Amino acid sequence: MTNQYDRIAEHVLDLGIPGTELIKPGTFYRLVLVHNTLLYPYRMDGVDGFEPGDKWPKKLSGVMRELFALAEAPTPRWVADPLVEVEEPELVFRKSLADLAERDPRPGLVLIPYEMNLSGLQRAWWGQANLLDEAGNLRWVTEKSLLTTGAGNLLVAVPDQRAGNGFASGDLPEVAVSTRSAADRATGVPPQSETEYDTSVDAAEGDED
């Protein structure tokens, strides 16, 4: 259940970026904070050709409400302000997030939606979004940038085996073969095979024991 968070944290920690922290937001998992930005990965059910939607894909938990409120991204200039101001009750942060809320500036939040199936990671994006309402509707305030196109793409070219590039194709190597000396051939003693040689060595080693 923590694998998606642990993998992100491990990769970022391996970069050795100064100031990187692991934050436990009052849950069983930890988030990585790098450059004053929390990275939050979540799995989405995607359809090929479509980007992440404008709604949180699962039940909106209290932790996610607080994370969105903690790191609310600036609204882009091209989004109109609501005509009617609705006063909402003040959200009280849990202790771990309240400490982050006291920082100046407050940390930002980058969402990392990804698609995965039995073949592995398919696609992943990242971007910043604000939570609009309790229904989980989102407003993306940065472009959703594609991080990876997934495991389906080949990273290296595979030779066409039908074109004669198999492991058994090509010229055979030249192997040097030793011959018996003329003196050995004159005695009429048959050559000793490798099997016979190994047996005689094992017998000699047994006598030493």
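Everything numeric in this text was worked out from a predicted model, so none of it was measured.
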Matching residue for Glu134 among Lys55, Arg65, Lys59 - test: salt bridge (Lys or Arg N to Asp or Glu O under 4.0 Å):
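The residue from Lys55, Arg65, Lys59 that satisfies salt bridge (Lys or Arg N to Asp or Glu O under 4.0 Å) with Glu134 turns out to be Arg65.
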Taking only distance into account, with no hydrogens and no angle test, what donor-acceptor pairs under 3.5 Å do side-chain atoms of residues 8-22 form with protein atoms, sequence neighbours excluded?
from: Glu10; atom 1: OE1; to: Arg7; atom 2: NE; distance (Å): 3.2
from: Glu10; atom 1: OE1; to: Arg7; atom 2: NH2; distance (Å): 3.1
from: Glu10; atom 1: OE2; to: Arg7; atom 2: NH2; distance (Å): 2.5
from: Thr20; atom 1: OG1; to: Ile17; atom 2: O; distance (Å): 2.8
from: Glu21; atom 1: OE1; to: Arg103; atom 2: NH2; distance (Å): 3.2
from: Glu21; atom 1: OE2; to: Arg103; atom 2: NH1; distance (Å): 3.0

Does a side-chain N-to-carboxylate-O contact under 4.0 Å join Glu51 and Arg123?
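Salt bridge absent between Glu51 and Arg123.
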Results of salt bridge (charged side-chain N to carboxylate O under 4.0 Å, His left out) for Arg94 - residues two or more places apart only:
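Only Glu66 meet the salt bridge (charged side-chain N to carboxylate O under 4.0 Å, His left out) criterion with Arg94.
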CH2 of Trp125: more than 12 outside heavy atoms within 6.0 angstrom?
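More than 12 within 6.0 Å, yes.
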Can you tell me how far CG of Leu138 sits from CD of Gln128, rounded to the nearest 0.5 angstrom?
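Separation between the atoms: 12.5 Å.
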Lys24 side, atom NZ; Leu31 side, atom CG - distance, nearest 0.5 Å
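If I round to the nearest 0.5 Å, the distance is 11.5 Å.
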Give me the atom names and distance for the closest heavy-atom approach of Leu39 to Ile112.
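Answer, listing the atom of Leu39 first, then Ile112: CB-CD1, 4.1 Å.
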Nearest non-hydrogen partners of Ala71 and Pro107, listed with the distance
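In this case the closest contact between Ala71 and Pro107 is CB-O, 3.1 Å.
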Sub-4.5 Å side-chain heavy-atom contact between [X] and [Y]:
| X | Y | answer |
| --- | --- | --- |
| Lys144 | Trp126 | no |
| Tyr40 | Val63 | no |
| Leu111 | Trp140 | yes |
| Leu70 | Leu109 | no |

How would you list, by chain and number, every residue that makes a side-chain contact (heavy atoms from CB on, under 4.5 Å) with Ala98, sequence neighbours excluded?
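Listed in chain order: Phe93.
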Pairing residues for Lys58 by the side-chain contact (heavy atoms from CB on, under 4.5 Å) criterion, not counting sequence neighbours
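For Lys58 the side-chain contact (heavy atoms from CB on, under 4.5 Å) partners, ignoring immediate neighbours, are Tyr42, Trp56.
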Among all residues two or more places apart in sequence or in another chain, which pass the side chain to side chain donor-acceptor pair (under 3.5 Å) test with Lys95?
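Partners of Lys95 under the side chain to side chain donor-acceptor pair (under 3.5 Å) test: Asp99.
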Output all residues satisfying side chain to side chain donor-acceptor pair (under 3.5 Å) with Asn36, sequence neighbours left out; order by chain, then residue number.
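Per chain and number, Asn36 pairs via side chain to side chain donor-acceptor pair (under 3.5 Å) with no residue.
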Is the backbone of [Y] close enough, under 3.5 Å, to the side chain of [X] for a donor and an acceptor to pair up by distance?
| X | Y | value |
| --- | --- | --- |
| Arg106 | Ala101 | yes |
| Thr37 | His35 | yes |
| Thr2 | Tyr5 | no |

Derivation and outcome, side chain to side chain contact (heavy atoms under 4.5 Å, CB included), residues Tyr114 and Met44
CA-CA 6 Å; Tyr114 64 91; Met44 53 168 281; 5.9 Å; no
